[in-house]
Amino acid sequence: MNIKENIERISAGLPEGVRLIAVSKTKPAEAIEEAYAWGQRAFGENRPQEMASKYRLLPKDIEWHMIGQLQEKNVKYIAPFVRLIHSVDSLKLLVKIEREAAKCARTIDCLLEFHIAEETTKSGLTYEQAVAIMESEEYKMLENVRITGVMGIATYTENTEQVRREFRELKQIFLRLKEHYFSGKPEFREISMGMSGDYRIAVEEGCTMVRIGSSIFGQREYQH
Ligand SMILES: *Cc1c(COP(=O)(O)O)cnc(C)c1O
């Protein structure tokens, strides 16, 4: 795997306004350094402790993106430095992020993760659950978290029409939330969708961030 070539090729294919999050989960710090040397600054991880130990080892201008399911008890490991949490799927988690962010005197940006795939195993909110969060008193009290957009994972399938439908659904969810809860809030602007196998479709459907791992760093030894 030539990390530099992969980043160069993928970046060149992304339109302006779409950021590449290089998903480095399970990969050693050396692989991140190689991508960093080529200019990549945003990296995605899905295990808080792994992210924290890489944070300690690597240059401090790296942006760390949490893309995996996050347990409340683990928020503390990443709160001091995480740039964006893509995977917020409950009010309880938001409240926990608020507390840990306040301890660090930070505001942490978060995306609401939506369930758009057909598999029942994939995590994420329904639109109705997101509305319940937005209208709750606890949400209105939050001062140290900021919702800046939405995230979703499409079904793992060869059926590109289905994947496209799911990405369209996420875009619609984004637009509805924007209209009802974030009008006049320019920071609500991110649509995180698309992985190695489907990011071209996500770009066509209007994402602002793609999360790409194996097409940059090669296959992982194990998947989570
Ligand atoms: C692992 C992972 C990715 C990257 O997957 P690839 O297929 O290796 O590009 C993207 N998003 C999430 C949420 C992931 O867990």
Side-chain angles (χ1 to χ4, degrees), residues 1-14 18-28 31-32 34-35 40-51 54 62-71 74-75 78 82-90 93 97 109-125 148-160 162-164 166-167 169-171 173-174 190-205 207-224:
M1 266 285 154
N2 188 327
I3 292 173
K4 172 180 183 285
E5 257 172 36
N6 293 338
I7 289 183
E8 201 169 17
R9 187 189 66 252
I10 292 167
S11 302
L14 296 177
V18 177
R19 285 206 75 202
L20 172 60
I21 313 301
V23 176
S24 48
K25 62 188 184 192
T26 80
K27 297 294 175 184
I32 298 176
E34 198 176 329
Q40 180 66 27
R41 291 294 178 272
F43 293 91
E45 292 282 336
N46 68 344
R47 291 186 160 186
Q49 280 107 323
E50 182 177 338
M51 180 190 274
K54 287 172 174 171
I62 287 179
E63 273 184 26
W64 294 99
H65 292 247
M66 175 49 60
I67 61 168
Q69 212 170 31
L70 182 57
Q71 292 184 300
N74 292 332
V75 175
I78 61 169
V82 68
R83 171 67 191 83
L84 180 64
I85 299 175
H86 292 232
S87 45
V88 170
D89 59 359
S90 74
L93 179 58
I97 295 168
D109 287 351
C110 297
L111 306 181
L112 295 176
E113 179 176 351
F114 285 89
H115 180 97
I116 53 170
E118 94 188 341
E119 298 106 276
T120 49
T121 50
K122 292 230 166 96
S123 49
L125 299 161
T148 59
V150 301
M151 182 270 227
I153 305 170
T155 304
Y156 187 72
T157 172
E158 303 279 296
N159 182 345
T160 56
Q162 179 178 351
V163 170
R164 190 178 296 283
E166 292 171 358
F167 286 152
E169 185 188 332
L170 186 62
K171 174 87 189 254
I173 288 171
F174 170 82
E190 304 296 354
I191 303 176
S192 167
M193 61 186 187
M195 309 176 21
S196 291
D198 57 18
Y199 77 90
R200 290 179 189 83
I201 303 173
V203 166
E204 287 168 8
E205 297 305 329
C207 68
T208 66
M209 290 179 173
V210 290
R211 310 176 307 268
I212 298 182
S214 44
S215 289
I216 295 174
F217 297 109
Q219 291 303 318
R220 288 175 291 275
E221 299 283 306
Y222 56 99
Q223 306 264 345
H224 324 271

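One is the number of the first residue; the rest follow in order along the sequence. As the structure lists them, so they are numbered: ligands from 1, and atoms in each ligand from 1.
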Trainee: Under 6.0 Å from the CD atom of Gln69, do we count more than 12 heavy atoms belonging to anything else shown?
Mentor: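 Incorrect, the count does not exceed 12.
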Trainee: Return yes or no for this condition: an N or O of Asn46 is under 3.5 Å from an N or O of ligand 1.
Mentor: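 Between Asn46 and ligand 1 (N or O atoms, distance only) the closest approach is not under 3.5 Å.
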Trainee: Could you tell me whether the side chain of Arg211 and the main chain of Ser192 form a donor-acceptor pair under 3.5 Å?
Mentor: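 Such a contact is found between Arg211 side chain and Ser192 backbone.
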Trainee: Could you list which atoms of ligand 1 come closer than 4.0 Å to a heavy atom of Ile212?
Mentor: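 Answer for ligand 1: 9 (O).
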Trainee: Of the choices Gln219, Gln69, Arg211, which has the non-hydrogen atom that lies closest to atom 4 (C) of ligand 1?
Mentor: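 It is Arg211 whose heavy atom sits nearest to atom 4 (C) of ligand 1.
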Trainee: What pairs with Glu63 under side chain to side chain donor-acceptor pair (under 3.5 Å), at least two apart in sequence or on another chain?
Mentor: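 Partners of Glu63 by the side chain to side chain donor-acceptor pair (under 3.5 Å) criterion, ordered by chain and then number, come out as Arg19, His65.
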Trainee: Side chain, backbone, both or neither: which part of His86 comes within less than 4.0 Å of ligand 1 when only heavy atoms are counted?
Mentor: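 For His86, there is no contact with ligand 1 at all, from either part.
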Trainee: Charged N to carboxylate O under 4.0 angstrom, Arg164 versus Glu205?
Mentor: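 Salt bridge flag = yes for Glu205 with Arg164.
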Trainee: Taking 4.0 angstrom as the limit and counting only heavy atoms of Ser196, give me the atoms of ligand 1 inside it, by number and element.
Mentor: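 Those of ligand 1 that fall under 4.0 Å from Ser196 are 6 (P), 7 (O), 8 (O), 9 (O).
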Trainee: What part of Ile153, side chain from CB on, backbone N/CA/C/O, both or neither, has a heavy atom under 4.0 Å from ligand 1?
Mentor: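 Within the 4.0 Å criterion, Ile153 contacts ligand 1 through side-chain atoms alone.
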Trainee: Go through the structure and list residues passing ring pair (Phe, Tyr, Trp, His ring centres under 6.0 Å) with Phe114, not counting sequence neighbours.
Mentor: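 Phe114: no ring pair (Phe, Tyr, Trp, His ring centres under 6.0 Å) contacts found.
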Trainee: Which atoms from ligand 1 have a heavy atom of Gly213 less than 4.0 Å away?
Mentor: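 Those atoms are 4 (C), 6 (P), 8 (O), 9 (O).
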Trainee: Going by the atom numbers of ligand 1, which of them fall below 4.0 Å from some non-hydrogen atom of Arg220?
Mentor: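 Listed by number with element, the hits are 1 (C), 5 (O), 6 (P), 8 (O).
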Trainee: At what distance, to the nearest 0.5 angstrom, does CG of Asp198 lie from CD1 of Ile212?
Mentor: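 Answer for the CG-CD1 pair, Asp198 versus Ile212, is 9.0 Å.
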Trainee: Salt bridge check, Lys54 against Glu50: does any charged N sit closer than 4.0 Å to a carboxylate O?
Mentor: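 Salt bridge between Glu50 and Lys54, a charged N being under 4.0 Å from a carboxylate O: yes.
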Trainee: Please say whether Ser214 places an N or O atom under 3.5 Å from an N or O atom belonging to ligand 1.
Mentor: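 Indeed, backbone or side chain, Ser214 has an N or O that close.
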